[in-house]
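All of these numbers come straight from a predicted model, not from anything done at the bench. Residue numbering restarts at 1 for every chain, and letters A, B, ... go by the order of the sequence lines.
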Amino acid sequence: GKNEYDLVVVGGGSGGLACAKEAAQFGRKVAVLDYVEPSPQGTKWGLGGTCVNVGCIPKKLMHQAALLGSALKDAQHYGWNIAQPVQHTWSVMAQAVQNYVKSLNWGHRVQLQDKKVKYFNMKGSFSDPHTIRGLTKAGKETVITAENVVIATGGRPKYPTHIPGALEYGITSDDLFWLKESPGKTPLVYYPFILHLYETIVYIALIDASPDVSLECAGFLTGIGLDTTVMMRSIPLRGFDQQMASLVTEHMECYGTKFLKRCFPIKVEKLESNRLQVIWKNTDLGTEETDSFDTVMWAVGRAPDTETLNLETVGVKTNSETGKIIVDASEATSVPHIYAIGDITEGRPELTPTAIASGKLLAQRLFGRSSELMDYDNVPTTVFTPLEYGCVGLSEEAAVQCYGSDNIEVYHAYYKPLEFTVAERDATQCYMKMVCLRESEQRILGLHFIGPNAGEVIQGFALGIKCGATYPQLMKTIGIHPTCAEEMTKLHITKRSGLDATVTGC
Amino acid sequence: QEAAKYGKKVMVLDFVTPTPLGSSWGLGGTCVNVGCIPKKLMHQAALLGQALQDSRKFGWQFTEEVKHNWMTMTESVQNYIGSLNWGYRVALREKSVTYENAYGEFVGPHTVKATNKRGVEKLYTAEKFLIATGERPRYLGIPGDKEYCISSDDLFSLPYCPGKTLVVGASYVALECAGFLAGLGLDVTVMVRSILLRGFDQEMANKIGEYMEEHGINFIREFVPIKVEQIEEGTPGRLKVTAKSTKGNQIIEGEYNTVLLAIGRDACTRNIGLDKVGVKINEKTGKIPVNDEEQTNVPYIYAIGDILQDKLELTPVAIQAGRLLVQRLYAGATSKCDYVNVPTTVFTPLEYGACGYSEETAMEKFGEENIEVYHSHFWPLEWTVASRDNNKCYAKIICNIKDNERVIGFHVLGPNAGE
């Protein structure tokens, strides 16, 4: 063709890289543009996108650091003699995490090279429907033409800019994972600003998508010993099953995270000591309250990164409310040869595995004679809060709305992980439920699990849901003993019965 | 418990014959007392030891020297088991099941004799009987084995740290115990007669062994002990083990504080009067053959659990079989226990979960050209920062090409394999 590249992917994250590499497998000429606009606080990172740099990866590693803190406490009950006090040093953890992330950046560059995908570390935008203009940090321009374009630029955290001081003094998850130093008695200045993570307030404004990243961050910050507060305007984990969401936050409260519920910030000011004074409105009491914190982290949702793409010029339609790109079942935008995948697309889950899968399938349809579309149904996910929550399928509310409460049966159980017994850990919020259709076949509509290794537990059952598993089939599946997952195969108490749902393992 | 739900008059006889060294325990059977439960808890203790090391890389700081106290752990584990024993007694009482802590044996049709530990005998008659007496560890039959060696029946309540331990055997019991003992900081050697984890996928078994070896556990392959002698009494004492090669005449000697025998388990069917009621057992193995409704050759006598011939020795299987049996007997149900594709997990230091065919068995049954094996090594994210092995975790799925690439075998070696 007359275009230089068969495929140009704008955005080198989970979706973009997967799509590009898959396309290259078919012998196509592929290029990827990736560029990270620094955060307001100046944080930036390498190739790989949100997941690798400021999402899933560093989040899970820091969550692991917090879990290990709990493990240290448990270990004493199991006979390990550890002299107190036990301390956590942020910089050791942060450096280890950042080094690992950097190795992934490197790994991605090598992979692109190996697969002969051309990589441009440039900010891409459309000049016309088949022409992409790439701009380097220094302002140097490169113009390339493409037969097909895939937009996969993802999103960035929003700032509540209407709050005075929010932009100047607050950070977001983009910055949190890259902080070099923590609080301590003598903070070192690595960046142009001093950050004390001694006390952190995480503000969650639940206007749109579920910012579970914020609860996850608040969780691990608490776990590594920081005095953390979460301020919430309304409900946590909007969009998730509400019973499960409240168990998750209940656990966090028991775990030590402070919650300021039904409050919203009005102003952030910097004090002489460099701490931050936050003034907020308590909607329950109707009063204004104030306190000082070392760090204020905003987790008010993510905005799609489309502003600088020049979408209007080429006619790619976006959702007027969310700003996300509208796509059809084949990931095509309103312009036939321009596609979009990942967090930037309207109505899709904001998850790495779905971005990757849809990217690969798109490449296979474009260049590999496949016609398989991405199946977005029954995608399992996990929230990595201190007590993890994994789920697949419908929430109880969604099932009730869809089928009517008379037509669904909810089986549930409060259980105690064996490992908690000797450790004398509180298992009050360890809970699972299965939402099924009530009619003869009793197909399982949704599975919800709170407990250790929730992701590992739900992953396996997700296959069952995909295959249309029914309650009788699950009951015929023999459990592995002793595990937490086996309790799923033993669920037999219904909510309808009103019976006590506490089960004993053995 | 299930039978009592249907208003039946039910009695349970449970009795634990003490081990040669005198260990005994309460109601609940092997799993609760000397199997799954204490095993998983001690495995957890070992995993926590590893977590301590990992945590330093994640920024946690504490003294360099960390030691493990066997008694603290064992006491906690035994306390928990005690609460389970108690829980079972309460549950039986609440469900109006009569429980007798007595040794049961058949003395004639529809009649058992129950002998308690004081020797008092009672006779009971019943319309139906269920034999679920399980198994006990096998001994080697060599000089010194019963006098000086322990088994898993003793290990979980051992009132002193076992110290330098020789584990004899290559069963999952042997490898799981060796695994957690080493994880707690003890010097562990495993003496293996031939292969590891007989009956399991051998590629996976070898990876498990390799991992254990790389993490400080010594393996002596192709030797069997022929004599155990006491050098010094004590808790623990010192033992001398003499072993002979299976491939020649070589003799080796070693000194250990503890010798743990884990060479297999024998069904408790030889001394319960089965001959008096005509229940046939496999004379060689002691196991009881049953039909697909768990019925023995005597129509009113059923059997479940570890004592069954050609069935899996697993707690969840026994539970499922028992419940379904009772539902068929008293609730008009027809569901039979499905023994196919039962998932299991071996809780070795690197855990191994499996369901379905091993690669060898699949090739044998379907033909090598008809199966496709997809596999991958993987590096758990949590191991990256902890600088742990990056090519040890492994997973494979075995597919039947001719049946739509149906997955007929699933194997994973890595953390949380059971989950």
Side-chain angles (χ1 to χ4, degrees), chain A residues 56-57 60-62 64-69 71-72 74-94 96-97 99-100 103 182 224 418-419 421-424 452-454 456-457 459-460 476-486 489-490 504-506, chain B residues 28 31-32 36-37 40-42 44-45 47-49 51-52 54-63 65-74 76-77 79-80 83-84 87-88 91 184 314-317 319-320 335 337-339 341-345 353 381-382 384-386 415-416 418-419:
Chain A
C56 331
I57 301 295
K60 186 101 192 283
L61 287 170
M62 294 196 176
Q64 175 69 356
L67 290 182
L68 287 170
L72 287 174
D74 289 353
Q76 323 231 32
H77 292 273
Y78 279 86
W80 292 98
N81 295 320
I82 305 163
Q84 297 301 321
V86 169
Q87 277 189 2
H88 185 263
T89 304
W90 173 275
S91 56
V92 172
M93 172 183 75
V97 170
N99 282 343
Y100 178 64
S103 77
S182 140
I224 59 173
L418 179 64
E419 292 74 11
T421 57
V422 163
E424 291 179 25
N453 307 303
E456 308 293 2
V457 172
Q459 180 68 88
K476 275 190 138 182
T477 306
I478 297 196
I480 299 172
H481 188 65
T483 59
C484 295
E486 66 173 311
T489 68
K490 291 150 64 174
T504 49
C506 227
Chain B
C31 173
V32 163
C36 329
I37 300 298
K40 187 103 193 280
L41 289 169
M42 294 197 177
Q44 175 70 355
L47 289 179
L48 286 170
L52 291 181
D54 289 354
S55 74
R56 293 186 212 270
K57 293 267 168 60
F58 279 87
W60 292 97
Q61 290 172 317
F62 45 92
T63 51
E65 249 221 88
V66 174
K67 284 212 129 75
H68 185 261
N69 184 311
W70 174 270
M71 288 316 301
T72 304
M73 173 186 74
T74 308
S76 301
V77 170
N79 282 342
Y80 178 63
S83 75
L84 293 179
Y88 275 122
L184 299 177
L314 295 168
T315 280
V317 171
I319 292 176
Q320 182 86 315
S335 272
C337 189
D338 184 358
Y339 292 96
N341 290 333
V342 174
T344 83
T345 296
L381 182 62
E382 294 76 6
T384 57
V385 162
N416 307 306
E419 309 291 1

Interface moiety of Leu314(B) toward chain A, non-hydrogen atoms closer than 4.5 Å
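Neither part.
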Most chain A-contacting option - heavy-atom pairs closer than 4.5 Å, from [options]:
{"options": "Pro343(B), Ala91(B), Pro415(B), Ala51(B)", "result": "Pro343(B)"}
{"options": "His68(B), Glu65(B), Met42(B), Gln61(B)", "result": "His68(B)"}
{"options": "Phe62(B), Tyr339(B), Trp60(B)", "result": "Trp60(B)"}
{"options": "Thr63(B), Leu52(B), Val342(B), Thr345(B)", "result": "Leu52(B)"}

Could I get the full list of salt bridge (charged side-chain N to carboxylate O under 4.0 Å, His left out) partners for Glu419(A), not counting sequence neighbours?
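By the salt bridge (charged side-chain N to carboxylate O under 4.0 Å, His left out) rule, Glu419(A) matches Lys40(B).
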If I compare all heavy atoms of Phe58(B) with all of Leu61(A), which pair ends up nearest, and what's the gap?
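Shortest heavy-atom separation between Phe58(B) and Leu61(A) comes out as CE2-O, 3.3 Å.
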Locate the shortest heavy-atom distance separating Leu72(A) from Ser55(B); write the atom from each residue and the value.
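Answer, listing the atom of Leu72(A) first, then Ser55(B): CD2-OG, 3.8 Å.
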Among [options], which residue has the highest count of heavy-atom pairs closer than 4.5 Å to chain B?
{"options": "Ala71(A), Gly460(A), Ala83(A), Cys484(A)", "answer": "Cys484(A)"}
{"options": "Ile82(A), Val86(A), Leu418(A)", "answer": "Leu418(A)"}
{"options": "Met93(A), Glu456(A), Gln459(A)", "answer": "Met93(A)"}

So, Thr74(B) side chain and Met71(B) main chain: donor-acceptor pair closer than 3.5 Å or not?
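No, Thr74(B) side chain to Met71(B) backbone: no donor-acceptor pair under 3.5 Å.
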Run the side-chain contact (heavy atoms from CB on, under 4.5 Å) check on Trp80(A) and Leu184(B) step by step: do they pass?
CA-CA 9 Å; Trp80(A) 292 98; Leu184(B) 299 177; 4.0 Å; yes
What part of Leu67(A) gets closer than 4.5 Å to chain B, counting heavy atoms only: side chain, backbone, both or neither?
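Neither; nothing under 4.5 Å.
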Could you walk me through whether Ile37(B) and His481(A) pass side-chain contact (heavy atoms from CB on, under 4.5 Å), step by step?
CA-CA 9 Å; Ile37(B) 300 298; His481(A) 188 65; 3.9 Å; yes
Could you measure the distance from the CD atom of Glu419(B) to the OG1 atom of Thr483(A)? Nearest 0.5 Å is fine.
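Answer for the CD-OG1 pair, Glu419(B) versus Thr483(A), is 5.0 Å.
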